[in-house]
Amino acid sequence: MIRRTQAERSDDTTARLVRAARDLFGADGYAATSIDAVAAAAGMTKGAAYHHFAGKAELFRAAFTAELADVATRLELAAAEERDPWAALSRGTRAFLEHCLDRRFRRIVLLDAPSILGWETVREIEHSHTLRVLLTALRQATTPPTEAASSGHPPTDGRPNGQPLTEAKPDGRTLRPTTGQKPGGLPLTEQKPGGQVPTEQKPGGRLPAQGEPDARPPVEGDVDERLPARAQLLFGALCEAGMLLARSADPAADLPRLAAEADRFLTALKP
């Protein structure tokens with residue numbers, strides 16, 4: 001019989017605590033759940049629970065992170081079934097809304113997390129999971145096919161080898177995200193001979209004449225710099241849709257209507 005290492009036993013204990021916490025926080029909410037109850041559900045003492053987590057808030061954070069990791073995996077699997085990147089985005093957004101029908105996910109992620117963890121911490125963790133998936137999918141959808149083909153691989157979120165924005169720990173907790181490098185841009189002004197400086201320099205080196213529409217295609221860097229904001233707006237809209245489902249008298253009946261509205265939002269994001 002192979003003896004497990006101390007690290008393996010510790011990871012197993014942590015995983016059992018997080019599973020029990022997800023079930024209890026999801027069923028009864030944060031306020032009504034105690035560490036004693038979580039420890040008992042995991043088959044261990046309260047002292048053992050405190051050995052792995054400093055308190056209930058830290059345990060809740062691990063449960064919240066695990067919920068987001070699960071939904072991120074579900075989004076990636078759903079999107080992988082579509083070859084067209086915009087169809088993949090649509091499939092992924094619907095998968096997220098379907099996941100919002102799950103009571104545990106709604107309670108932990110949508111209802112309790114903002115007040116327990118605070119928006120800054122919530123967004124920090126989301127950047128490693130759901131927002132990372134949406135940002136990568138948007139980048140793939142907005143990259144011209146010729147550029148994607150010439151790179152030899154699908155575009156990522158800007159990290160080498162598709163690395164996540166933060167490093168995840170085995171117990172579901174994450175380290176603080178690091179800042180990615182933004183693509184270089186052209187200067188907004190350019191000094192002309194004779195000292196004349198145009199008020200706004202458009203990418204491509206030419207200012208459109210007054211009243212002339214600027215019909216040139218957008219520069220890749222300009223679109224790329226807007227993608228994080230677009231991903232957050234999309235995710236915010238999906239979370240609000242999830243809240244509507246959470247408060248609905250018939251969530252399953254309302255799901256198709258909200259999924260159609262999500263598709264309208266995606267259509268507006270197309271370049």
Side-chain angles (χ1 to χ4, degrees), residues 22-23 25-27 63-114 119 122-123 125-145 148 154-158 162 164-165 168 172 223-224 226-271:
R22 292 170 71 182
D23 288 340
F25 286 137
F64 171 74
T65 302
E67 288 291 327
L68 288 185
D70 278 0
V71 75
T73 299
R74 181 170 179 177
L75 293 180
E76 290 173 325
L77 291 174
E81 298 179 6
E82 300 286 347
R83 298 187 63 181
D84 176 76
W86 287 104
L89 263 171
S90 176
R91 187 75 170 261
T93 55
R94 185 180 181 94
F96 178 86
L97 293 175
E98 289 173 348
H99 204 69
C100 289
L101 298 178
D102 180 76
R103 178 182 177 184
R104 185 176 73 183
F105 180 81
R106 291 200 310 267
R107 167 63 69 177
I108 293 175
V109 175
L110 300 177
L111 298 177
D112 285 351
W119 276 110
V122 165
R123 284 292 181 259
I125 299 171
E126 286 171 346
H127 268 290
S128 303
H129 301 289
T130 43
L131 274 173
R132 171 184 58 83
V133 173
L134 287 174
L135 180 57
T136 301
L138 277 174
R139 183 161 286 124
Q140 290 173 347
T142 54
T143 299
T156 66
D157 59 359
L165 294 176
V223 176
D224 190 76
R226 293 195 297 266
L227 289 181
R230 291 179 176 181
Q232 290 207 25
L233 287 170
L234 174 59
F235 184 64
L238 291 175
C239 287
E240 285 300 315
M243 292 298 293
L244 289 174
L245 290 173
R247 298 187 179 102
S248 171
D250 192 351
D254 287 335
L255 176 63
R257 176 177 59 85
L258 290 171
E261 292 301 320
D263 281 340
R264 292 175 187 270
F265 194 99
L266 287 176
T267 299
L269 293 178
K270 290 185 178 181

Item checked: Pairing of Glu261 and Arg257 as salt bridge, 4.0 angstrom limit -> no

Item checked: Where Cys100 and Leu245 come nearest, the two heavy atoms and their spacing -> CB-CD1, 4.1 Å

Margin query: With a 3.5 Å distance limit and no angle check, can you tell me whether Ser248 reaches the backbone of Leu244 through a side-chain donor-acceptor pair?
Written below: no

Notebook entry, point to check: Can you check side chain to side chain contact (heavy atoms under 4.5 Å, CB included) on His129 and Thr65, steps first, answer last?
Noted result: CA-CA 8 Å; His129 301 289; Thr65 302; 3.7 Å; yes

Note to self: In the structure I gave you, are the side-chain heavy atoms of Asp263 and Arg94 within less than 4.5 Å of one another anywhere?
What the structure shows: no

Next item on the list: Determine, for Arg22 against Asp70, whether the closest basic-nitrogen to carboxylate-oxygen distance falls under 4.0 angstrom.
Entry: yes

Check: Between Glu67 and Arg107, does at least one N-O distance fall below 4.0 Å, as a salt bridge requires?
Finding: no

Next item on the list: Would you give the length of the straight line joining atom CG of Leu89 to atom CG of Leu269, rounded to the nearest 0.5 angstrom?
Entry: 8.5 Å

Notebook entry, point to check: Quick one: CG on Leu110 to CZ on Arg247, what's the gap to the nearest 0.5 Å?
Noted result: 9.5 Å

Check: Between the main-chain N or O of Ala27 and the side-chain N or O of Arg103, is there a donor-acceptor pair closer than 3.5 Å?
Finding: yes

Next item on the list: Would you check if Leu233 and Phe265 make a side-chain contact, meaning some heavy-atom pair closer than 4.5 Å?
Entry: yes

Item checked: Nearest non-hydrogen partners of Ala252 and Leu101, listed with the distance -> N-CD2, 4.3 Å

Notebook entry, point to check: When rounded to the nearest 0.5 angstrom, what distance separates CZ in Phe105 from CG in Leu68?
Noted result: 6.0 Å

Notebook entry, point to check: Hey, does Leu77 have a side-chain heavy atom less than 4.5 Å from the side chain of Glu81?
Noted result: no

Check: Short question: side chain of Arg91, backbone of Ala79 - any donor-acceptor pair under 3.5 Å?
Finding: no

Margin query: Under the criterion ring-ring contact (aromatic ring centres under 6.0 Å, His included), I'd like the reasoning laid out for Phe64 against Phe25: C-alpha separation, chi angles, the key distance, then a yes or no.
Written below: CA-CA 9 Å; Phe64 171 74; Phe25 286 137; over 10 Å; no

Next item on the list: Indicate yes or no: at least one non-hydrogen side-chain atom of Trp86 is less than 4.5 angstrom from one of Ser90.
Entry: no

Check: What are the two closest heavy atoms between Leu75 and Gly92, and how far apart are they?
Finding: CD2-O, 2.8 Å

Margin query: Minimum heavy-atom separation for Pro256 and Ala253, please, with both atom names.
Written below: CD-O, 3.3 Å

Notebook entry, point to check: How long is the span from the CZ atom in Phe235 to the CZ atom in Arg132, to the nearest 0.5 Å?
Noted result: 12.5 Å

Note to self: Please check this pair: side chain of Thr73 against backbone of Ala69, looking for a donor-acceptor N/O pair closer than 3.5 Å.
What the structure shows: yes

Item checked: Separation of Glu126 CD from Leu134 CG (nearest 0.5 Å) -> 10.0 Å

Margin query: Determine whether a donor-acceptor pair (N or O, by modelled atom type, separation under 3.5 Å) exists between the side chain of Thr136 and the backbone of Val133.
Written below: no

Margin query: Please find the pair of heavy atoms, one from Thr130 and one from Val71, that lie closest to each other, and give the distance.
Written below: CG2-CG1, 3.2 Å

Next item on the list: Would you indicate whether the side-chain heavy atoms of Leu111 and Met243 approach each other to under 4.5 Å?
Entry: yes

Notebook entry, point to check: Do you know which two heavy atoms are closest between Leu131 and Gln232, and how far apart they sit?
Noted result: CD2-CA, 3.8 Å

